[in-house]
Amino acid sequence: KDGTRWCTDVFDKFITADQSVALGETVKRSYTPAKPSQMVIVINIYCSENDNVNFITDASVKKCGTLRLDLTGTDSPSLPARREIQTLMQFGDTEIKAMAVDIATSKCVKAGIDFLNY
């Protein structure tokens, strides 16, 4: 895209199998909309019991959820061509909470995480 080569289907580990996670521990990731006018980003979440996974197309990988970032209301007249949405996933007792901020505008982004429909 725009002269830059991108690798697709990369498995990005948030945590590893059997990793201890402290109550309230967070994992931070940044995402960029494909187009400046994009109002929703949907990130599929995958899981595997195998620690040596590199791609979501590997045999042991399965889709287990989605992260949805709603960018509605974060637009501004001076938005850069490439926006960064910083996302935090916080681990709780029985749930994972997602929070996000549009770095260019410092506005909160509505973030939802769904593991129930998979």
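Counting begins at 1 with the first residue of the sequence.
When hydrophobic clusters are built by joining Ile, Leu, Val, Met, Phe, Trp and Tyr residues whose side-chain heavy atoms come closer than 4.5 Å, directly or via intermediates, Leu67 is grouped together with Phe115. Both Ile113 and Val21 are assigned to one and the same hydrophobic cluster, defined by single-linkage of ILVMFWY side chains at heavy-atom distances under 4.5 Å. The same ILVMFWY cluster, assembled from side-chain heavy atoms under 4.5 Å apart, contains both Ile41 and Phe14. When hydrophobic clusters are built by joining Ile, Leu, Val, Met, Phe, Trp and Tyr residues whose side-chain heavy atoms come closer than 4.5 Å, directly or via intermediates, Tyr31 is not grouped with Val101.
Side chain of Thr32 to backbone of Glu84: no donor-acceptor contact under 3.5 angstrom is found. When atom types are taken as modelled, the side chain of Asn50 and the backbone of Asn52 share a donor-acceptor pair closer than 3.5 angstrom. Formation of a donor-acceptor pair under 3.5 Å by the Gln38 side chain with backbone atoms of Ala34 is found in this model.
Between the CZ atom in Arg29 and the OG1 atom in Thr87 there is a gap of 10.0 Å [rounded to 0.5 Å]. Atom CD1 of Ile15 is separated from atom CZ of Phe91 by 4.5 Å, given to the nearest 0.5 angstrom. The CD atom of Glu95 lies 9.0 Å from the CD atom of Gln90; values are rounded to the nearest 0.5 Å.
Heavy-atom neighbours of Lys13 NZ from other residues, nucleotides or ligands within 6.0 Å: above the threshold of 12. Within 6.0 Å of NZ in Lys63 there are more than 12 heavy atoms belonging to other residues, nucleotides or ligands.
Scanning for side-chain hydrogen bond (donor to acceptor under 3.5 Å, both in side chains) contacts around Gln19 gives Thr16, with sequence neighbours left out. Residues passing the side-chain hydrogen bond (donor to acceptor under 3.5 Å, both in side chains) test with Asn54, sequence neighbours excluded: none. Scanning for salt bridge (Lys or Arg N to Asp or Glu O under 4.0 Å) contacts around Asp18 gives an empty result, with sequence neighbours left out. Applying the salt bridge (Lys or Arg N to Asp or Glu O under 4.0 Å) test to Arg68 and every residue at least two apart in sequence or in another chain returns nothing.
Hydrophobic side-chain contacts under 4.5 Å tie Met99 into a cluster, directly or through other members, with Leu88. Summarising the hydrophobic clusters (Ile, Leu, Val, Met, Phe, Trp, Tyr; side-chain heavy atoms under 4.5 Å, direct or chained), the residues clustered with Phe11 are Tyr46, Val53, Ile56, Val61.
Smallest separation of non-hydrogen atoms from Ala111 and Ala98: CB-O, 3.7 Å.
A heavy-atom distance below 4.5 Å is found between the side chains of Asp102 and Arg83. Residues Ile85 and Leu71 form a side-chain contact, since some pair of their non-hydrogen atoms from C-beta on lies under 4.5 Å apart. Residues Glu49 and Ser60 are not in side-chain contact: their nearest non-hydrogen atoms beyond the backbone lie 4.5 Å or more apart.
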Start with the C-alpha gap between Ser48 and Lys62, add the side-chain angles, then the distance that decides, and say whether side-chain contact (heavy atoms from CB on, under 4.5 Å) holds.
-> CA-CA 7 Å; Ser48 176; Lys62 66 178 183 176; over 6 Å; no
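Residue Thr66 is tested with Ile45, Asn44, Ile43 for a side-chain contact (heavy atoms from CB on, under 4.5 Å); the sole match is Asn44.
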